[in-house]
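First the structure, in the form of structure tokens, and then the observations on it.
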Amino acid sequence: MCGIAGILSSSRQLDPSRRETVIAMRDRMAHRGPDAEGLLERDGCLLGHRRLAVVDLSPDAAQPMLSPDGRFAIVYNGELYNDAELRADLTRIGVRFRTASDTETVLAAFGVFGEHAFEKLRGMFALCAVDIERRVAWLARDPLGIKPLYTARRTDPAGAEEFIFASEIAALLQHPLIEPTPDRLGIVSYLTTSRTSFAERTLIEGVQLLEPGTVLRVRFAPGELRVTRRSLWDSFTARISADVGAAVEESVRLHLRSDVPLCTLLSGGLDSSIIATIASKELGAKELMSFAAGAKGASAPGQDDFAFARHMAEHVGTTHTEAVVTQELFESRWREIVERSLLPLSTPNEVAINEVARTLRARGCIVTLSGEGADELFGGYDLALLAAAQFRDGTHAIQQRLANPHALTPGEFEMLANAWLTPESYHEAFAPEFLESVDYGVAIREDFIREFARCEEAAAMLGHHDPLQSHLIFQRRTNLPSLLLRLDSAAMLEGVEGRTPFADVVVAGLAERLPMHRKFVARTDGQRRVQDTKVALREAFGPRLPGAIVTREKASFPLPFQNWIGAARRAALESETLRTVYRPEIIEAVCAGPSRLWHLAWPMLNLALWFEAMESHQRARRSARASQPEPN
């Protein structure tokens, strides 16, 4: 796992100052790659890399990596889980390898198959592969969006165009042509969804997050920079197995490959318990460490994550450690994460993930397994799916409030049913000038409609007729990348690689072809039963797990953040920038009663901390520029 950054330019040769730019971008991500750094410069191309050594720890596996003939180069952030299979195929046609690194496998596949190599990759990745001779680059992100890749396009003072990319927004903002100007539509999207991106929109003007399963082809010839794209949207649906249990077991086994210590997160829920059960069998229970995170006394009666996790750890025999989040730690770490990442948090759980990553790293572990993906693929969110079933049947409360219930599209329903702040509330919350400048959020509504239409097309291609399948695919397309981004950001800040065996192309292909009743059952009597969610997973692994785990209601890292947001309240009250977004009376009401208005408080207070961090970043940029010597 690593951090990548680079510039592709239409100039014949990059300005010498860009070397320092890419070094600054690269080293802003030292936490992602504390083991080594690398830089490659060719005509019109600069590639930077920070290395977290996980597979093949030798210097021969360092990046940027060049092909033996020097024609192709790659910077790669990820892990290839079909490395042995693909390497064997390449060996049979004459490729010779000098390392055990999966980076070399990906580079060799690119050299043999060109951009069609991407369809052959089973793993998590964000990468840039360059044909140096032809001055063509390909940037790609895995189909499920496990690894992030941010991009921007700018024109330098001499008129040359630059295509800029990095694993983190904070790294991208080291580039002098990328001004840290907040994107107002991105802000509205964040305040509506609590996600730092939706589709390609981010919080910074002119900065995009490459969508999952997308390949960009960048031609950076002298005097020309042309970008085209294609989608790997459905590439994983063709690779399926007939058996859920076998597919998940295989995926966990493949995710265990590591030359450094590996552990697993264990919340005591179904998903993490399945992973711990398989991993402990493969590695031996004494060889596996497990970690739980949360706040003491924060759970509902009978739902203590720590207690369930201890029970599961005893069941499989792992060495278990608890990472406890206190109010003091929460407040300080929240601010620290925003300052380091230059992004607001999506959920309070990011603090818990960061703390457990820091804890397991201190215990010597570098890689951890995590359960993201099971809910979005196998139907684990009962409240959201029950609401979707009511919408399907025309009985949801949102529909009943409308004069014409049939005028509401499924995409609009998903926005209204799951929004932290609905468009109907924009007038009450936002300052009039801000609301007018974003056209009253019309573009956000259109984004939801467009994204859901894509999900309906995907469901139809798979032969599904139940509209709930489209809603579940929508959860996978929108919610899952946000959760994976949360895991990546919070863990990599501590130099920890998070692996997600459920978020795997083969498992996903199988899950999306299953009929709905194998995933979620919407009971007509309106009752909620745990057994109605993730049906196929409970059938496959229920006999191997303690009954209390199988029948436990869904929970997540419990943090009583509604009562823990005092420090951020001060930032909100003092922020002049925040008052350009919100009405003053709304800010004051939230700060006076954040627990009561928590759905407004969480994104608002995050935005206040983010504005503060961005202003600090801008001051540092101005200071750095002022200290530079005048050109001769």
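Predicted model only: the values in this text are computed from it and were never measured. Side-chain atoms are counted along with the backbone in the values below, which use heavy atoms only and exclude waters and symmetry mates.
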Approximate separation, where rounding is to 0.5 Å, of [X] [atom1] and [Y] [atom2]:
X	Y	atom1	atom2	value
L609	F611	CG	CZ	11.0 Å
N418	T193	CG	OG1	10.5 Å
F163	L216	CZ	CG	5.0 Å
D488	S167	CG	OG	8.0 Å
Q618	L173	CD	CG	9.5 Å
L377	L537	CG	CG	9.0 Å

Is the backbone of [Y] close enough, under 3.5 Å, to the side chain of [X] for a donor and an acceptor to pair up by distance?
X	Y	value
D504	V506	yes
T181	E205	no
R499	H255	yes
E414	Q475	no
R154	L177	yes
S575	A571	no
S489	L485	no
N606	P344	no
R538	G542	no
T533	F520	no

| query | ring pair (Phe, Tyr, Trp, His ring centres under 6.0 Å) between F448 and F198: does it pass, once the steps are laid out? | reply | CA-CA 9 Å; F448 271 84; F198 189 88; 4.5 Å; yes
Inspect the contact between [Y] and [X] and indicate whether a charged nitrogen and a carboxylate oxygen are less than 4.0 angstrom apart.
X	Y	answer
E161	R153	yes
E451	R454	yes
D466	K519	no
E588	R583	no
R340	E336	yes
K147	D142	no

Is there a donor-acceptor contact under 3.5 Å linking the side chains of [X] and [Y]?
X	Y	answer
S189	T192	no
T577	E615	yes
S370	E372	yes
R230	T214	no
T409	E412	yes
S346	S194	no

| Sub-4.5 Å side-chain heavy-atom contact between E539 and R518 |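 Yes, side chains in contact.
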| Is there side-chain contact between F165 and C128, with heavy atoms separated by less than 4.5 Å? |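 Yes, close enough: below the 4.5 Å cut-off.
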| task | Determine, stepwise, if the pair S437 / R184 fulfils side chain to side chain donor-acceptor pair (under 3.5 Å). | result | CA-CA 8 Å; S437 72; R184 291 192 166 199; 2.8 Å; yes
| request: Work out which heavy atom in V207 is nearest to a heavy atom in A152; give both atom names and the distance. | output: CG2-CB, 4.3 Å
| query | Around E436, counting heavy atoms of other residues, nucleotides and ligands shown, do more than 12 lie under 6.0 Å from its CD? | reply |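 Atom CD in E436 is not packed in, count stays at 12 or less.
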| task | Assign the ring pair F413 / F391 to parallel, tilted or perpendicular, where the plane angle (0 to 90°) is split at 30° and 60°. | result | parallel
| Once the angle between the rings of Y426 and F430 is folded into 0 to 90°, is it parallel (under 30°), tilted (30 to 60°) or perpendicular (over 60°)? |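 Rings of Y426 and F430: tilted, 30 to 60°.
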| field | Ring centers of W564, W602 separated by less than 6.0 Å | value |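 They do not qualify: ring centres at least 6.0 Å apart.
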| Stacked cation flag R552 on F308, 6.0 angstrom / 45 deg | yes
Show me the donor-acceptor pairs within less than 3.5 Å that the side chains of residues 378-388 make with the rest of the protein, sequence neighbours left out.
unit_1 : atom_1 : unit_2 : atom_2 : d
Y381   : OH     : E376   : OE2    : 2.8
Y381   : OH     : N479   : ND2    : 3.4
D382   : OD2    : R528   : NE     : 2.8
D382   : OD2    : R528   : NH2    : 2.9

| message | Please evaluate residues R570 and E331 with respect to the criterion salt bridge (Lys or Arg N to Asp or Glu O under 4.0 Å), reporting the C-alpha separation (whole Å), side-chain torsions for both, the decisive distance (0.1 Å), and the verdict. | response | CA-CA 12 Å; R570 292 191 294 275; E331 289 192 4; 5.0 Å; no
